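This report refers to the structure that appears directly beneath it.
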Amino acid sequence: MLTRLAMVGRAMSRTPLVQLRHDQLDLFAKLEYANPNGSSKDRSAYWILRRAVERGEITEGTTIVESSSGNFAISLASFCRWLGLAFIPVIDPNVNASTEAYLRQLCDRVEKVTESDDAGGYLSSRLDRVHELRTELPLAYWPNQYANPDAIEAHDKLTGAELCADLQHIDYLFVGVSTGGTIAGLSSRVKRVHPEARIIAVDAEGSVIFGGPPAKRRLPGLGSSIVPPLVGKAHIDDVVMVSEVDAVRGCNHLFERHGLYAGGSTGSVYAAIERYFAGYSGPRLTVAFLCADRGTGYTDTVYHPEWVARFVAEHNHGQSVALV
Ligand SMILES: Cc1ncc(COP(=O)(O)O)c(C=O)c1O
C-alpha cells in the first residue's frame, strides 16, 4: 500500500502559476486543473488517504465511502483504483452526466440518493446513506471531506506552500468555498508567510455557509446547504457572494480574455475579483486565485449557448441579457 501511495504522491506534481494581463492588478491564476484528475480536490483526496493509511485507518480490504457528486468523488475513485481499494461514492441527481458515467465505470458500486433535504439540497440524504453503508460494511473508511482536518493540511502543505514559494508578495487571495478545506489550508499558510495578505472567501448565492438564506443552486463546486466545520478554521477577511448568472459570465470572460477554460466555481471567483476591483485605480496589487477545475465538465451548461440563454432568461424573469 505504501509503495502505491508513493506512486500517487509522485503523480501530484506542482501546478503552474500564470500571470494574466490586467490593467490595474498583478493577477495570478494557479492552475489546479493541472492535477492528475483535473481539480484541486486531488490535493485533499491524496492527503486524506495518505494520512489515513499512515495511521492504519485504511488497510488492504478497506472500502472507502464518501458523499460527493463531483470532483472529490472523481479524485477518490481514481486514487482508490491506484491503491487497489474499493470506493463507493454516494451521489445525487445534481451530478453531471459525464461524472456519473465516469464514476460508474471506475467504481463497482455507486449509490444515488433521490430525496432532497429541507434546505432543498441532497447533502443530508447523502450523509444518511453514508452512515448506513458504514454500518453495513465490515471495513469502511469515511474521509468526511466536510470535517476532516487533513483536508486543511493538504492545502496548507501542498497548494499553499507552492503558492507562497511562487509569489514574493500577496495582497489578496480569492478562494471559492464549499467544504472550506481549501480556504482553511490556504489561508493558514498564506497568513503565516504573508501576514499582510487579505483572504477573500467566494460563495454562491443560495449557499448558507456565510449566513445567507438557502436557495436552489444548479452549478456544482461552490456553496453548501450546511455550515461545514472546516470553514470555522479559515482566516477570512471578507466574503463575496456571487449569483450563478455572474458565475457563468465570469467563466466566459476568463475564457475570452485569457483563454483559461475553467469550471463554474472559477467563474464565480473571477467574477468576484472583477466586482471587488471595479473602478480601482490605486497602486498595482498582487491578487491570486485558483482555477479549481476545467471547463470540460461544463460544456453542456456554462459553455453551452442555448443552456446559457435559457438559464439567464429564467433568472431575469423571461428577459435575456447579454453575457459579454
Ligand atoms: C471546482 C471546485 N471549486 C471549489 C471547491 C471548494 O473547495 P472546498 O470544498 O475545499 O471548500 C470545490 C469543492 O468541491 C470544487 O469542486
Side-chain angles (χ1 to χ4, degrees), residues 15 29-35 37-48 66-77 89 91-92 94-96 99 121-123 126 143-156 158-160 173-189 199-204 207-210 217-236 239-240 242 244 247 250-251 254 260-272 289-298 301-302:
T15 58
K30 185 161 175 60
L31 307 185
E32 283 299 291
Y33 58 48
N35 277 304
N37 298 293
S39 87
S40 54
K41 285 286 161 177
D42 273 353
R43 310 291 198 148
S44 37
Y46 161 63
W47 202 259
I48 285 172
E66 181 61 300
S67 154
S68 169
S69 279
N71 289 321
F72 194 57
I74 288 174
S75 297
L76 283 177
I91 63 172
D92 67 46
N94 283 339
V95 65
N96 76 40
T99 302
Y122 292 93
L123 187 59
R126 283 198 264 130
N144 190 6
Q145 62 160 335
Y146 282 87
N148 192 329
D150 295 335
I152 301 181
E153 202 178 66
H155 289 287
D156 180 328
L158 304 174
T159 334
L173 175 64
F174 284 70
V175 189
V177 181
S178 177
T179 66
T182 311
I183 196 163
L186 275 177
S187 64
S188 89
R189 169 69 66 150
I199 310 292
I200 314 299
V202 181
D203 193 10
S207 159
V208 307
I209 299 175
F210 296 103
R217 290 172 288 115
R218 278 187 288 174
L219 296 178
L222 285 200
S224 172
S225 52
I226 58 157
V227 182
L230 297 184
V231 175
K233 309 269 183 215
H235 309 269
I236 296 173
V239 178
V240 180
V242 177
E244 293 198 312
C251 283
L254 190 60
L260 295 180
Y261 195 61
S265 76
T266 307
S268 301
V269 171
Y270 186 70
F289 69 103
L290 308 182
C291 285
D293 69 354
R294 265 183 218 289
T296 41
Y298 305 78
T301 54
V302 167

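Since the model is a prediction, treat every value here as computed from it, not as a measurement. Note that ligands are numbered from 1 as they come in the structure, with each ligand's atoms numbered from 1 the same way.
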(request) Let me see the working for V231 and I183 under side chain to side chain contact (heavy atoms under 4.5 Å, CB included), right down to the final yes or no. (result) CA-CA 8 Å; V231 175; I183 196 163; 5.6 Å; no
(message) Working note: L186 + T159, criterion side chain to side chain contact (heavy atoms under 4.5 Å, CB included); need CA distance, chi angles, decisive distance, verdict.
(response) CA-CA 7 Å; L186 275 177; T159 334; 4.1 Å; yes
(message) Pair L222, S207 - check side chain to side chain contact (heavy atoms under 4.5 Å, CB included), show working.
(response) CA-CA 8 Å; L222 285 200; S207 159; over 6 Å; no
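Heavy atoms only, all atoms of each residue included: A73 and S68 are closest at N-OG, 3.1 Å.
Every protein residue with a heavy atom nearer than 4.0 Å to ligand 1 is included here: K41, N71, G176, V177, S178, T179, G180, G181, T182, G221, S265, A292, D293.
The shortest distance between side-chain heavy atoms of C291 and Y270 does not fall below 4.5 Å.
Counting only residues at least two apart or on different chains, the salt bridge (charged side-chain N to carboxylate O under 4.0 Å, His left out) pairs with a member in residues 37-47 are E32-R43, R43-E162.
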